[in-house]
Amino acid sequence: MSGARDEKRERERIEILGELHGEVMIFQPLSIKEISPGGGQVETAFPLHLNSLHDVRLTLGDRSVVLKARVAHCHISDVDQEIVTYRSGIEFIEPSERIRSVIQEFIEAIKVGRRAV
């Protein structure tokens with residue numbers, strides 16, 4: 001059975017003797033506290049490393065976008081018993097015009113909604 005699976009592979013795999021390290025990116029929840037077309041401020045249950053790059057998924061009303069962000073700063077914002085909350089400033093890295101437009105439309109909708117109240 002193993003031989004049949006190997007034949008279906010388009011490319012040869014090579015066994016690693018010793019160690020080869022990597023990382024996996026996993027989406028973790030965050031709270032968006034402030035947003036602009038160029039970045040925002042977010043809260044997380046874990047620290048974000050200064051200058052690290054992350055793929056961030058934003059749900060803006062009925063639209064969702066994924067963009068790259070760089071961590072500009074991070075600090076502890078709250079400690080409640082054993083729960084630590086971190087607040088980080090993020091800078092969006094080269095968002096496409098479509099993504100900038102979606103963010104700007106979301107911001108404008110919030111402003112209009114606040115004026116109506």
Side-chain angles (χ1 to χ4, degrees):
M1 195 62 133
S2 175
R5 258 189 289 158
D6 290 342
E7 290 173 15
K8 291 182 182 179
R9 262 190 217 120
E10 292 182 22
R11 302 188 189 261
E12 177 186 6
R13 288 187 188 170
I14 187 164
E15 181 180 354
I16 301 301
L17 304 175
E19 293 185 37
L20 177 64
H21 296 278
E23 296 175 339
V24 63
M25 293 187 305
I26 300 172
F27 282 107
Q28 292 286 328
L30 58 78
S31 295
I32 302 163
K33 296 302 184 181
E34 296 176 356
I35 192 166
S36 76
Q41 191 170 98
V42 299
E43 277 189 348
T44 58
F46 50 89
L48 297 173
H49 298 285
L50 188 62
N51 291 320
S52 59
L53 295 176
H54 301 274
D55 288 326
V56 177
R57 180 180 9 220
L58 302 176
T59 303
L60 305 170
D62 60 351
R63 297 198 215 159
S64 183
V65 296
V66 176
L67 64 162
K68 181 109 19 225
R70 181 187 71 81
V71 178
H73 65 82
C74 179
H75 64 274
I76 294 173
S77 65
D78 191 27
V79 179
D80 184 21
Q81 294 182 18
E82 293 182 17
I83 300 170
V84 179
T85 303
Y86 298 87
R87 191 166 284 214
S88 302
I90 58 173
E91 172 191 12
F92 302 145
I93 304 298
E94 299 178 6
S96 70
E97 191 55 43
R98 183 190 75 80
I99 289 177
R100 288 182 71 82
S101 170
V102 168
I103 294 170
Q104 189 60 50
E105 288 171 20
F106 178 75
I107 291 169
E108 291 304 319
I110 290 174
K111 288 179 180 179
V112 168
R114 288 183 181 164
R115 280 187 224 128
V117 174

* Atom NE2 of H49: over 12 foreign heavy atoms under 6.0 Å -> no
Practice problem: Dump the intermediate steps for side-chain contact (heavy atoms from CB on, under 4.5 Å) on D55 and K68, then the final yes or no. | Solution: CA-CA 5 Å; D55 288 326; K68 181 109 19 225; 2.9 Å; yes
Starting from I93, can I reach V65 by hopping between I/L/V/M/F/W/Y residues whose side chains sit under 4.5 Å apart?
no
In terms of heavy-atom contacts, T59 and S64 come closest through OG1-OG, 4.1 Å
Taken to the nearest 0.5 Å, the spacing of D80 CG from T85 OG1 works out to 8.0 Å
For I107 and S36, the nearest pair of non-hydrogen atoms, with its separation, is CD1-CA, 3.7 Å
Exactly one candidate in Q41, H75, H73 meets side chain to side chain donor-acceptor pair (under 3.5 Å) with R87; the answer is Q41
Q. Going hydrophobic residue to hydrophobic residue with side-chain gaps under 4.5 angstrom, can you get from L30 over to V84?
A. no
One should read off an interatomic distance between E94 CD and R100 CZ, to the nearest 0.5 angstrom, of 11.0 Å
Under a 4.5 Å cut-off applied to non-hydrogen side-chain atoms, are F92 and I103 in contact? yes
**Message:** With side-chain contact (heavy atoms from CB on, under 4.5 Å) as the criterion, how do L48 and H54 come out once you've worked through the C-alpha distance, each side chain's angles and the decisive distance to 0.1 Å?
**Reply:** CA-CA 9 Å; L48 297 173; H54 301 274; 4.0 Å; yes
Original post:
Is there a donor in the side chain of E97 and an acceptor in the side chain of S101, or the other way round, less than 3.5 Å apart?
Top reply: no
Rounding to 0.5 Å, atoms CG (L67) and CZ (R98) come to a distance of 10.0 Å
Practice item. Start with the C-alpha gap between L60 and I35, add the side-chain angles, then the distance that decides, and say whether side-chain contact (heavy atoms from CB on, under 4.5 Å) holds. Key: CA-CA 10 Å; L60 305 170; I35 192 166; 4.1 Å; yes
Smallest heavy-atom separation, P47 atom then C74 atom, equals CA-SG, 4.0 Å
Flag side-chain contact, heavy atom, 4.5 Å: F106 against I110
yes
Under a single-linkage definition using a 4.5 Å side-chain heavy-atom cutoff for Ile, Leu, Val, Met, Phe, Trp and Tyr, are L50 and L53 assigned to the same hydrophobic cluster? no
Tightest non-hydrogen contact, residues F46 and Y86, listed as C-CD1, 3.3 Å
